[in-house]
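Chain letters run A, B, ... following the sequence lines, proteins first, then strands; residues in each count from 1.
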Protein chains: 4
Amino acid sequence: MKRKDDRKVGQIFQAALKLVVSKGLSGITMGDISKAAGIATGTLYVYFKSKDELINALFAACRENSVAHSFKGYDPAQPYKVGFKHVWLNILRYRLHNFEEAVFMEQCYHSPFITPETREKASRLAAPYNELLERGKKEQLLKPVDTGLLITFLVGSMNELVKQTHYHGTTLTRTRINTTFDMCWDALKS
Amino acid sequence: MKRKDDRKVGQIFQAALKLVVSKGLSGITMGDISKAAGIATGTLYVYFKSKDELINALFAACRENSVAHSFKGYDPAQPYKVGFKHVWLNILRYRLHNFEEAVFMEQCYHSPFITPETREKASRLAAPYNELLERGKKEQLLKPVDTGLLITFLVGSMNELVKQTHYHGTTLTRTRINTTFDMCWDALKS
Amino acid sequence: MKRKDDRKVGQIFQAALKLVVSKGLSGITMGDISKAAGIATGTLYVYFKSKDELINALFAACRENSVAHSFKGYDPAQPYKVGFKHVWLNILRYRLHNFEEAVFMEQCYHSPFITPETREKASRLAAPYNELLERGKKEQLLKPVDTGLLITFLVGSMNELVKQTHYHGTTLTRTRINTTFDMCWDALKS
Amino acid sequence: MKRKDDRKVGQIFQAALKLVVSKGLSGITMGDISKAAGIATGTLYVYFKSKDELINALFAACRENSVAHSFKGYDPAQPYKVGFKHVWLNILRYRLHNFEEAVFMEQCYHSPFITPETREKASRLAAPYNELLERGKKEQLLKPVDTGLLITFLVGSMNELVKQTHYHGTTLTRTRINTTFDMCWDALKS
DNA sequence: CATGAATGAGTCTTCATTCAT
DNA sequence: GATGAATGAAGACTCATTCAT
């Protein structure tokens, strides 16, 4: 028998992401995805019970991927600001290099595709970010305000920066990156 | 266009916005919109040539509305920070009270519905924001960095704040608002 | 506006019946039905929410039609056997002339299309038959056995007779009809 | 065909029959059958070239089984009515105990699955029934009418009786059976 | 203008069948 | 032989759009 091929899920995900960026979450069809993935439409249903499930699975995978990247190489032993900047850069790098994933996830935010379960699962993955910011507050380096608010700044500014970079074609020089980081740090630092 | 018509366009827009929040931009149909607006499907086509046109018109209307709100009561004669905060609060208030519009506009960002023309028209409306920030730089109150970057912080953080407020049900106290403004100001101020 | 056309339901029913006889209940598609009815596929959904609903509605209509025919011209004032034969002939005539309906209803018997509600509704329509046989028992003309059993003979024999007539191409002469009636009567009479 | 294979064919048939009763002839899929039979879908195609062939084979098998049962223990040497009742009871017993087969065969009647060849083969198996009734006519115990008509009564009444028993949950007491037989005999006897 | 029935292209999904293992 | 993943044609159903009233 033919073994279920795990690489195929990857192909499907890649195809879906590419399509979401070019046609929007609303515009993609199972036919498009299968064609882009180089498989038959029916094959999609071997791996995912429905379009909904496919989208949810992709969302979960992106989310996990994103979190995993954020803390790659993070060393809690280092001084706070060093570690913080490391993570900040990780996130930025991830969003730039995986722009498609970032766009997809944002599109999912208000879509009826994402089920409450998936949403719930996603928010549980936010824990490491929370901890990072809590630590900053404990070391009295960050403003003693609601962690959610701090994250808001972290994420919100990054989002717009990446979008702008991508769409306005601005090249993200080292200086520009540092400037942005400084602004972010100024916002958060106590 | 008589007044009667305008009222109907308003109903259509309201209906569409409500539906986008609950079902996503992908999920709305002309049938849904007409039903929610209390008119017949065919009547939609009296006011809009197609679904695309309806969405684009709504997008443009929201965008204009948003800009108009931002500068309501803004007095350039006042000291910079006072005026800046005024605008900042206007934007925040707008996004909170017109959450549906905000969601709709975000959903439109990557959708194939919005034509380049509409996009172009929208970005031209950004001029007042640019001017506001340029003035701040001229008065050496804001960091001498790319205006786009400054806007990024302004908008990005606000976006996330509003989303959070809405979804996590946090009440936005005066203190919380001020804290957020301070963070934003800290990020931008030179 | 275009008025919903009641004749269209009739066309749809006729088309469906014809197709069930030629291709079996299993083999019919909404596309086939619409084509045979001379309308667009989508139009079917103006009149019926789903294929299931269409089949159930058709079943109910056939059932009603069948019962209505059975007692046409039946006069309770006449001697029992005369009235009984009248009904018997009505049923036979109905089944022969509306062979498609008869086949369709038989096909429905074990199909998952028919909902319990429809089934229930159908069996409630059996009341007149029950009464007819009860009367025969009361007048001591029929065997004093379970009414269900009597109906079994009435219906079962007729069913097979009609099928045979139709498929083997036997012509149903007056003699043959009378012979069959006599057999039926012999079975039921006390 | 080894014994092992035959057992598998049996499993397949059993699975198919069970599914036809629960989901109708229209509703069964090769996937369902294979799952219910505890084998892989592909394996079905080792035993049957196609779904059509499977259904036809099953139909033929049921038909043969049915006829075989009918005359089990029948002894032409016995008086006619005794033998006749013996067969009649055999048929009844068969239909009650193999209700699934009976339902399946009825479903097949108007389905496009059954080929003319299968149909032809099936009707050739009716010979013993014909002979039984011919003998009755020759002995002047049965009405001198068309054999087809006689069979019609035999089969038709039995069909309905079995259906009723099954669906209305009536228990078939010995008395009820005898009553029914008497009715049938009354219908046929000269 | 307003209506909503009619249309048919396009969607998701299923399923008989094939084929690599 | 046995398996079940892969295939793609076909089916039920949706929906933007048109048009008769």
S.K.: With sequence neighbours left out, write down each residue that passes salt bridge (charged side-chain N to carboxylate O under 4.0 Å, His left out) with A:Glu120, or none if nothing qualifies.
M.R.: A:Arg124
S.K.: Calculate the interatomic distance between B:Leu44 atom CG and F:dC19 atom P; express it in whole Å.
M.R.: 17 Å
S.K.: Encode nucleotides 9-15 of chain F as B, S and - characters from 5' to 3', where the letter depends on protein heavy atoms closer than 4.0 Å: B to the base, S only to sugar-phosphate, - to neither.
M.R.: --SSBBS
S.K.: Output the rounded distance in Å from CZ (C:Arg7) to C1' (E:dA6).
M.R.: 15 Å
S.K.: Taking only side-chain N and O atoms of B:Lys8, does any of them lie within less than 4.0 angstrom of OP1 or OP2 on E:dA2?
M.R.: yes
S.K.: Whole angstrom is fine here: how far is it from CD1 in C:Ile12 over to P in E:dA6?
M.R.: 9 Å
S.K.: What pairs of donor and acceptor atoms, side-chain ones from residues 18-25 of chain A against any protein atom, are under 3.5 angstrom apart with sequence neighbours left out?
M.R.:
from    : atom 1 : to      : atom 2 : distance (Å)
A:Ser22 : OG     : A:Lys18 : O      : 3.4
A:Ser22 : OG     : A:Leu19 : O      : 3.3
A:Lys23 : NZ     : A:Asp32 : OD2    : 3.1

S.K.: Roughly how many Å is it from CD in A:Glu53 to C1' in E:dC12, rounded to a whole number?
M.R.: 14 Å
S.K.: Sequence neighbours left out, what passes salt bridge (charged side-chain N to carboxylate O under 4.0 Å, His left out) with A:Lys8? Give chain and number order.
M.R.: none
S.K.: Taking salt bridge (charged side-chain N to carboxylate O under 4.0 Å, His left out) as the test, write out the residues that go with B:Lys49, two or more places apart.
M.R.: B:Glu53
S.K.: From CZ of A:Phe48 over to C1' of F:dA6, roughly how many Å is that when rounded to an integer?
M.R.: 15 Å
S.K.: Would you mind reading off the bend of the helix from E:dA2-F:dT21 to E:dT21-F:dA2 from its two end axes, five pairs each, to 10 degrees?
M.R.: 0°
S.K.: Rounding to an integer number of Å, can you tell me how far B:Lys35 NZ sits from E:dA5 P?
M.R.: 11 Å
